[in-house]
Amino acid sequence: TGHEMQLERERVYLTAHHAPRPLAGIRPIDKRELFSDATAQTPVLLIACRISREKGLFDLPEVLARARETLPDLRLVIAGCGPDEDALRKILPDAVFLGWLEQHRLAQLYAGLDLFVFPSRFDTFGNVLLEGMASGLVTVSHDYAASARHVEHDRNGLKSPKGDREAYLGECFAAL
């Protein structure tokens, strides 16, 4: 609400999206809750966001295809909803789509899954990236906006040059 933002304090409200400290007492999700044939060692990627094209979600089939050359049991969980959900379901038929989740349930995913992928080249901040990081989940993102400022490559996450799709795919693959 500072002068730079030119927002009136009475018109600013807290939403369900924020990056709090990790919630106390969170039980990491058991991967078998999501995939009946999974084990604790089954590698699972997570993306949480509004499901729309500008989020870079349509790069995920290639991320999965490349990574499955080495990790054939790799799985994907998508939390969120949006206008391109039907199209994404068609190209990712084996992904688990969870829809919109409450903060507690999302925190269980952050605590129990293996890698948070954030392929957006659009978001100016990307709170989900910070939520994943706050929960200790390894994140992969583009060197843009929030990740440019908060992700230290190879220290607290991985990031590729802004907009470099091939480098992003490579970082996802390397992280797995």
Side-chain angles (χ1 to χ4, degrees), residues 16-17 23 26-123 126-142 144 146-147 151 157-160 163-176:
H17 298 286
L23 299 175
I26 291 296
R27 177 189 56 83
I29 193 163
D30 182 329
K31 294 173 185 178
R32 291 173 294 190
E33 290 180 44
L34 302 167
F35 304 96
S36 62
D37 61 339
T39 69
Q41 288 72 43
T42 302
V44 181
L45 304 179
L46 171 65
I47 178 68
C49 64
R50 180 173 183 266
I51 300 176
S52 57
R53 289 198 183 271
E54 71 272 5
K55 299 287 187 172
L57 299 173
F58 290 81
D59 290 344
L60 293 175
E62 189 170 349
V63 168
L64 289 172
R66 284 190 185 184
R68 283 179 175 156
E69 291 173 6
T70 303
L71 297 168
D73 200 27
L74 181 64
R75 312 295 175 85
L76 175 65
V77 172
I78 300 170
C81 53
D84 292 314
E85 184 173 346
D86 290 340
L88 195 61
R89 283 179 181 271
K90 287 177 184 167
I91 64 170
L92 292 169
D94 60 345
V96 170
F97 287 77
L98 299 175
W100 179 262
L101 299 175
E102 295 297 325
Q103 184 181 25
H104 182 83
R105 184 64 170 165
L106 190 55
Q108 289 180 312
L109 294 171
Y110 288 136
L113 301 183
D114 302 300
L115 181 67
F116 185 80
V117 292
F118 190 62
S120 179
R121 296 176 297 274
F122 164 80
D123 287 84
N127 288 315
V128 291
L129 178 72
L130 298 180
E131 289 172 1
M133 290 172 66
S135 299
L137 185 59
V138 175
T139 64
V140 179
S141 60
H142 287 282
Y144 175 68
S147 65
V151 175
L158 301 169
K159 60 185 177 180
S160 65
D164 186 335
R165 184 173 177 272
E166 286 302 311
Y168 181 80
L169 295 170
E171 290 299 342
C172 288
F173 182 76
L176 294 167

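Residue indices begin at 1 and follow the sequence shown.
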Sorted by chain and residue number, the side-chain contact (heavy atoms from CB on, under 4.5 Å) partners of Pro61 (sequence neighbours excluded) come out as Ile91, Leu92

Residue set satisfying side-chain contact (heavy atoms from CB on, under 4.5 Å) with Ala87, at least two apart, ordered chain then number -> Arg53, Phe58

Looking only at non-hydrogen atoms, find the nearest pair between [X] and [Y] and report the distance.
| X | Y | answer |
| --- | --- | --- |
| Ala95 | Ile78 | CB-CD1, 4.1 Å |
| Ala48 | Tyr110 | CB-OH, 4.2 Å |
| Leu57 | Arg50 | CD1-O, 4.0 Å |
| Pro28 | Ile26 | CD-O, 3.5 Å |

About how many Å separate [atom2] of [Y] and [atom1] of [X], when rounded to the nearest 0.5 Å?
| X | Y | atom1 | atom2 | result |
| --- | --- | --- | --- | --- |
| Leu34 | Leu109 | CG | CG | 6.0 Å |
| Leu129 | Ser141 | CG | OG | 5.0 Å |
| Ile47 | Leu76 | CD1 | CG | 8.5 Å |
| Leu88 | Ser52 | CG | OG | 10.0 Å |
| Phe116 | Glu131 | CZ | CD | 7.5 Å |
| Ile29 | Leu98 | CD1 | CG | 7.0 Å |

If you define the side chain from C-beta out and look only at heavy atoms, does anything of [X] sit under 4.5 Å from [Y]?
| X | Y | value |
| --- | --- | --- |
| Phe118 | Val128 | yes |
| Phe35 | Val77 | yes |
| Leu113 | Leu45 | no |

Quick note, side-chain hydrogen bond (donor to acceptor under 3.5 Å, both in side chains) partners involving residues 78-89, not counting sequence neighbours, are Glu85-Arg89

Side chain to side chain contact (heavy atoms under 4.5 Å, CB included) assessment of Leu46 paired with Leu115 | CA-CA 6 Å; Leu46 171 65; Leu115 181 67; over 6 Å; no

[Y] backbone acceptor or donor facing [X] side chain under 3.5 Å:
| X | Y | answer |
| --- | --- | --- |
| Lys31 | Thr39 | no |
| Thr70 | Ala67 | no |
| Ser135 | Leu137 | no |
| Asp114 | Val44 | yes |

Those residues at least two apart in sequence (or on a different chain) that pass salt bridge (charged side-chain N to carboxylate O under 4.0 Å, His left out) with Arg75 are Asp37, Asp73

Contacts of Asp30 meeting side chain to side chain donor-acceptor pair (under 3.5 Å) (sequence neighbours excluded), chain-then-number -> Arg32

By side chain to side chain donor-acceptor pair (under 3.5 Å), Arg105 pairs with (sequence neighbours left out) Glu33, Gln108

